[in-house]
Every structure is written in structure tokens, then in C-alpha cells.
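Structure first, commentary second.
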Amino acid sequence: MLENGSEDYLSGLNPPQEEGVVNTEGPTMIIAGAGSGKTRVLTLRMAHLIRAKNVDPFSILALTFTNKAASEMRKRVESVVGTDARNLWMGTFHSVFSRILRAEASKLGYPSNFTIYDTDDSKSLIKTIVKEYGLDDKLYKPNVVYNRISSAKNRLVSWREYINNPIFKEDDASNMKPEMGKIYKTYVERCFKADAMDFDDLLFNTNVLFRDHLDVLNKYQQRFQYLLIDEFQDTNVSQYLIAKKLAAVRRNICVVGDDAQSIYAFRGADIQNILNYEKDYPELRVIKLEQNYRSSQNIVNAANSVIRNNKGQLEKSVWTANNQGELIDLIKATSDNEEGRLVASSIFEAKVNNQLKNSDFAILYRTNSQSRAMEEALRRANLKYKIIGGLSFYQRKEIKDIISYIRFVINPNDEQAMRRIINLPKRGIGPGSIEKIIVAANEHNISVWEVLQKAGGYLTGRVATVLDQFATLIKSFQLSVEKRDAFEAASLIAKNSGLLKELYEDKTVEGLSRYENVQELLNAIKEFTDDEGREDKSLGAFLQEVALLTDADNQNSDDTDFITLMTVHSAKGLEFKNVFIVGLEEDLFPSQMMLNSRADLEEERRLFYVAITRAENKLSLSYALNRYRFGRLKTCEPSRFLEEIDNSFLNIPRRTSMKSGSDSPSQSYYAKNFVNNMKSQTNRRFVKHTSHSPSKNFVPSDTADLEVGMKVEHPKFGFGKVIEIDRDGTNQKAKVDFENNVGEKTLLLSFAKLKIH
DNA sequence: GACTCCGATCTTTTT
DNA sequence: GATCGGAGTC
């Protein structure tokens, strides 16, 4: 396979696949049905360019949708062509163009160390602006405003164009939000002043860069002779225009996509891109990959029977030569918790009967919040699992705090970072003082950082002294960043800022885990600096890397045998032997927010299609008749999508809690069953657990049962024995000796989840 | 300014 | 269930 000049990587490809690999010149569109080997074609196409056409990997640019997809693809190219693959330009639109923007930042009036605002930063900035203007925050909700601005940027509508556009004006006025344009303008100005770009700016500003600086555009047009875009159906207009500009000279642009799997319209993805593409490149070569190699016939046919309900698709018929396979299981549960138990027991059974591993299973759901019930059931069944996505590591408070320190040290104009850390740990600087600082900065037309450095000149008394100390601290950090590598500098910041100490002194279970998380972050930074191949080991370089990272590609190589839990969105591009799609209830999947238009509903249906086509051998669908939503119990109807699946592919419902053979149990049966189910829930001996305001927590009567010598189980530390109980004072504590080399821990009872055995 | 309690509000998906 | 902001208290 690695022999020079050998082309045996072409063997085993079907005709359209081979066509996609070897026809490397000119514009190409590959319409690739689910499971049709599109990643294989894409990687071999790159390999073919390097190997057979002697193209320098450095001049190939491949744009993917996620970081994970990029690194996966790089690995696969490497397995064919060897280390040459390392020189490929490969990554998400956001990561590739943020790199280019850093190199060319000065042309746009930005420093090259500009900060990237994540969604939280953007929303909180919007919130501040709305407040500063004295606007009604019920009307101008950060979410709504953010989405409006975001979609404008994704269509390359600048604030100036937005304000001058009568259609937007009318639209906003009729929505009672006439000030939208003003907020957009101020938001952009504040980002610029903070030397910050949000996610959309990375694309918007790249367009501006290429529009206003033809020399720069020319440089990259020369460099990137071959352009490949994966998941083309999920690109937005802004992304497409960047690609179009880059490919304008050589026209070697290959896009791969599947309109049936377009699931990101909510984020500005525009299916129109496919039509524009055909218009922009009349000489286009279109290749269709229609044979599915992944799934059994039942699964492929069921997926087709679902997607058939959508109107207006590209012509394509996905088929498979695989065998018929098992029928699709339908699991009907009375509650979300029971759904979890049924899924868990089904997995357990299948593992035993078919000699399968945990990693052969995936549980897919529509919303992250559904993971909870599944998680608990799997834990009880002793099945190892891993949740992908959800609240990512980098979104945890303690991590964001440290990162904000780093951000502020690197870029002291970063307003959002400043707001976060200026009173952390508590320095006695409240909202009042922060406002004063901002006002002073605006009055003298200088940056906030300049005010902080000369606090005595603008503020008085104790606050001035404290701010002075703060500025000195930051300056000392700045010095150490210059002199040390990322790990040393970050350790110093964690320590000298006082954050580490504060967490260390918090002996609650939560504090402990926060402390561990910070250590984990430091480990990640250590890994970063220990990487031999990396030339820039500064903290700034680490920050750039981390800003666009999601925890989807947090690979822990040592332990890989787990059941995967994730949303359908994050499952795109993956495959599993056995797949469970859970929570197939009306208003949940399809989501109630997507029932307003046909287009929305069709996107949900495509999402369902994506979920189904992840499965290779066995698919199980489940729904619950009662579910906790918004902390309230709600009765649910089965999803309309279930009815769209042709019955001939389905197994008659068999996994229900019913003991009797009756196939239409009365509602009261479920109600009764559900009450029992709930009872067993409350009998659990877990202490209620919330993240803050501990006084709000109650200690349920059963922790009063806790006695010295009892065997207990903790979700994180495992089994242990109570050796001491302190019931005096307000903070009741128990000292527990844990097995598995964790040792003795003192747990605050109001926090600890302890199960008595 | 810090801390506590209480009620209101929201949860679709992600770079 | 979790977070945020307001109100009241120290």
C-alpha cells in the first residue's frame, strides 16, 4: 500500500467512486448518499493528487465541518501516502481561516493575537449593550439578537448595509425591535475595540480580506491549487463565497455532500449553495455515489421510507447489496427513566447474545438534556459509556475562568475576559466599579486596560489601590508569558491569580472536581508544550488552538470500549453496529421549535434520516409516554416520524413494561405504572445535588440513616466505608474511606451523592 | 460589596 | 434542573 507509484489504493472502488478519486481536475460535485464511502473517496482523491499527480500537499486545502473529521481524514490520507499528509492544509473553515486572518490581521486593523469570542462571550456582550442603551431586555433577548446578527454576518450583510436596508428596518420594526441595527453596529464596534472576533467574524472578515486586498487573495489563490470541501450541504453563503474566491483561478474545486443530510440550516447553512455551485461552474462534473456499504437492507429502506416524505430533493436513490438484516425494534416505555432501563437491558442482552463490545453501541438523542436518564440507567447496569458533547470541558466555569485570565494576559483589550476575572477571586470590585472603569475609558477615549494601569488617575480610594494591584499582577503575567512556555506560564497564572488556591480550599465534592478539572487543563497545556513537532510553544499559541476546539475530539486512547451517547447532530459522519434512537416523541423529535414551517420540519426529518443511517446491523427506536421537561412532568405522544417508517421494516412492539399480553393498555395502566416508577425513583438514596447556593439543598431523611461503618457508594469515587460523621453545625460532614486507592475523603453531606448499601 | 433567598425563565442542534 | 437577576441583609 505504501509502495511508491503504486496505485493499488484504487482497487475495490466501484466505478463512480473511482471516478471521484482519479478525476482531480476541474470543478466536481460528488453527491454521496449515507454510507456510500464518501470519506474514502475524498481521502483517496487527496492521496491520488499527491501520489499520482505529484501535487505538493502544501497546495491542497481540505475544508471539513468538524475538527474531528479533519484529523480523522488526515490520518487516513497518511495511511496511504505517509508523512507527506502532514503538510496538507486541513481543518474546519473556522480554524483554517482564523490562521490566515492571524497572518494578515494588520490589513484589517486587528493585531495578530486577536481573541475569538465564543457564543457565550457574544451573548453577554449583547446583553451589556442592551442594558447600556436602556432597552427592554425582554424584547431584545441576547439569543434573538445574536441570531439576527449572526445570520446577517453569514449572508455578508455588514452593520452599515443592515441599517440602510429598508427591508430589515421594516422587519425589525414590525417585530417591535427597531434598535436592532444600532445594537449590531455597537456590537461590531465593541468587538473591534476589544481586538476580538466572534465565530461569524472569522468568515465575514476573511471575505472582507479577500475583497479588499487582492494581493492577499492572489497569494492564497496561488498556494491552494486544489480545494476540497466536505459536508458541502452544511456550508453557509459566507463560507461558499470564500471557497469560490479561492478557486476562481484554478477552478480545481471538489465538493462532497448529501442534500438529504443537511441539518444545519439553523446555523445559516444554505442548500442554495448546491444550486449556485451548478450555476457558477457550468463545466461541472457531477458524480453520484448511491450504493450504501454501511447498513442492512432493512435500515437503508427504512431510511428511504422516511426521507421520501420530503419534497424537493436532488435525484438520487440509495441502495445496498448488503443482506436484509434484522427488523427495527420499537421500544415503548412509560417514562424517560424506564426508557433508559429498557435500552440498557436491551444492550446488555445484545452484548451477551451476539458477543458484542460496548463500542458497538450508540445511543442518539435530539437534545443533550436527554442524556441524563440514559446515563443513570447505564451506570446502574454497569455498562461503560461516554457522553460526547453536552457541556464541553472548555465551557466549565473553572476552565473558562482560567482561560479568561490567559485571554486577558494575551490581549488586555478583551472586554469579556476582563469582566469575568476582574473580581475573581473576590477583590471587592463590584458592578459599580466596573461601570466606572468603562465610563472613564470612554470619557478619555482610551482602552480599559489603560485605565486599569493608571487606576489612581481615574478612580479614588480603596478601589484604585486594588485595581493597581490587579494591573501589576497582570503585567507580571505578561512578562512571564514572554519568557516561559505555555505550561509554565499557565501554571504561574493559575497559582498566582489565587484561583487554584480558592479551588483547593473548597473541600466539597464539587470543589474537588473543579480542582481536578483545572489540573486536567494544565495537563492538556503540558501535552501541548511537550509536542515535539510544534515550533510555537507559547501560551498565545495554545490559546489560539483552544478557541476553536470542542470536546468532540478529546481522545482518550487508553480506554476505548464504551457505549457512545450523543446528539444526532454530533453523530453525523459516524457509524455503529447497533444504534438506539431515543425520545422519539412528538415535540421532542421533531423538536417543537421546528414545527412552524415545512422547511423546518423537513430539516428535522433529515435529522432523523441521519440518525437512522448511522446504524450498520441493528436499529432500535424508543419513546416514552411521560418525560420530565423543564423540570415538569409531561405526557408525550409518539413522534409522527415513527408512523412514516414503513411497517414492514418494524418489529412489533415487544419491549414494554407490560406483563400482560394486552397490546393496548389503558392510560390508567401507564399512569399507575408511572407512579410506581416514580416511587422507586424517590426511594433512591441519592442526595439532591445542585451546583450552587448550597443552603438551598436539603438533606433527605435517608442521609439521617447514615451511620459509622456503613458501606456507601459514590458516583465518582465508588464504594467506601463511613468512618466518621459530623452532625454538628450547619455543614454536616461524613468522612468516608474509599476503596480503589481513592483513600479518605471528607464529604459535605449537603452536596454528596451517597448511596447506602 | 458580599451573601442569601426567591422567583422568573428557558433549553434544539454547533463552529 | 440550572442559571440569572433582583431584593433584602450584613
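Every chain is numbered from 1 and lettered A, B, ... according to where its sequence line falls, protein lines coming before strand lines. This one's a predicted model, so the numbers in the text were calculated from it and none came from an experiment.
The interatomic distance linking A:Tyr394 (OH) with B:dT14 (P) rounds to 18 Å, in whole Å. The CG-P distance, from A:Asn154 to B:dT14, rounds to 17 Å in whole Å. Whole-Å rounding puts the A:Asn236 CG to B:dT14 P distance at 17 Å. Straight-line distance from the CG atom of A:Leu574 to the P atom of B:dT14: 13 Å, rounded to whole Å. A straight line from CZ of A:Phe65 to P of B:dT13 spans 14 Å, rounded to a whole angstrom. Note: OH (A:Tyr609) to P (B:dT13) measures 24 Å, nearest angstrom. Following rounding to the nearest Å, A:Arg606 (CZ) and B:dT13 (P) show an atom-to-atom distance of 18 Å. Between the OH atom of A:Tyr628 and the P atom of C:dG1 there is a distance of 8 Å, rounded to whole Å.
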Identify each atom pair where a protein N or O and an N or O of nucleotides 9-12 of chain B are less than 3.5 Å apart, giving names and distance.
from, atom 1, to, atom 2, distance (Å)
B:dC10, OP1, A:Lys141, NZ, 2.8
B:dT11, OP2, A:Asn143, ND2, 3.4
B:dT12, O2, A:Arg366, NH1, 2.8
B:dT12, O2, A:Arg366, NH2, 2.5

Pairs under 3.5 angstrom, nitrogen or oxygen only, protein versus nucleotides 8-10 of chain C, please.
none

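Considering only heavy atoms from C-beta on, A:Asn147 stays 4.5 Å or farther from A:Phe266 through its side chain. Between A:Phe589 and A:Ile581 there is a side-chain heavy-atom pair separated by less than 4.5 Å.
Proximity of A:Thr567 to the phosphate of B:dT14: a side-chain N or O atom is located under 4.0 Å from OP1 or OP2. Here A:Arg372 reaches the OP1 or OP2 of C:dA2: one of its side-chain N or O atoms lies under 4.0 Å away.
Residues A:Ile263 and A:Lys426 each lie close to DNA chain B; by heavy-atom proximity, the contact nearer the 5' end of the strand is made by A:Lys426. Map A:Tyr146 and A:Asn423 each onto its nearest nucleotide of DNA chain B; the residue landing nearer the 5' end is A:Asn423.
With ring centers used as reference points, A:Phe65 lies under 6.0 Å from A:Tyr264.
In this structure, a donor-acceptor pair under 3.5 Å is present between the side chains of A:Ser238 and A:Asn207. A:Tyr187 and A:Asp198 share a side-chain donor-acceptor pair at under 3.5 Å. A donor-acceptor pair shorter than 3.5 Å cannot be found between the side chains of A:Glu338 and A:Ser335. Defined by atom type and a distance below 3.5 Å, a donor-acceptor pair is present between the side-chain atoms of A:Glu375 and A:Tyr385.
No contact: A:Phe589 has no heavy atom under 4.0 Å from any strand. Using a 4.0 Å heavy-atom cutoff across all strands shown, A:Phe93 reaches no nucleic acid atom at all. No engagement by A:Asp118 is indicated, since no non-hydrogen atom pair under 4.0 Å with the nucleic acid exists. If you check every strand for non-hydrogen atoms under 4.0 Å, A:Ser95 touches nothing. Residue-level contact check: A:Lys127 touches the backbone only, with heavy atoms under 4.0 Å from sugar-phosphate atoms and none from bases.
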Side-chain atoms of residues 95-103 of chain A: list all donor-acceptor pairs with protein atoms under 3.5 Å, sequence neighbours left out, distances to 0.1 Å.
from, atom 1, to, atom 2, distance (Å)
A:Ser95, OG, A:Thr92, N, 3.2
A:Ser95, OG, A:Thr92, O, 3.3
A:Ser95, OG, A:Thr92, OG1, 3.2
A:Ser98, OG, A:His94, O, 3.3
A:Ser98, OG, A:Ser95, O, 3.0
A:Arg102, NE, A:Gln544, OE1, 3.4
A:Arg102, NH1, A:Ser112, O, 3.0
A:Arg102, NH1, A:Phe114, O, 2.7
A:Arg102, NH2, A:Phe114, O, 3.3

(request) Given side-chain contact (heavy atoms from CB on, under 4.5 Å), test A:Leu135 with A:Ile129 step by step and report yes or no. (result) CA-CA 9 Å; A:Leu135 296 168; A:Ile129 294 170; over 6 Å; no

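A:Phe641 pairs in a side chain to side chain contact (heavy atoms under 4.5 Å, CB included) with only one of the listed residues (A:Glu585, A:Arg605, A:Glu586), which is A:Arg605.
The base of B:dT13 lies outside donor-acceptor range of the side chain of A:Ser570, with no N or O pair under 3.5 Å.
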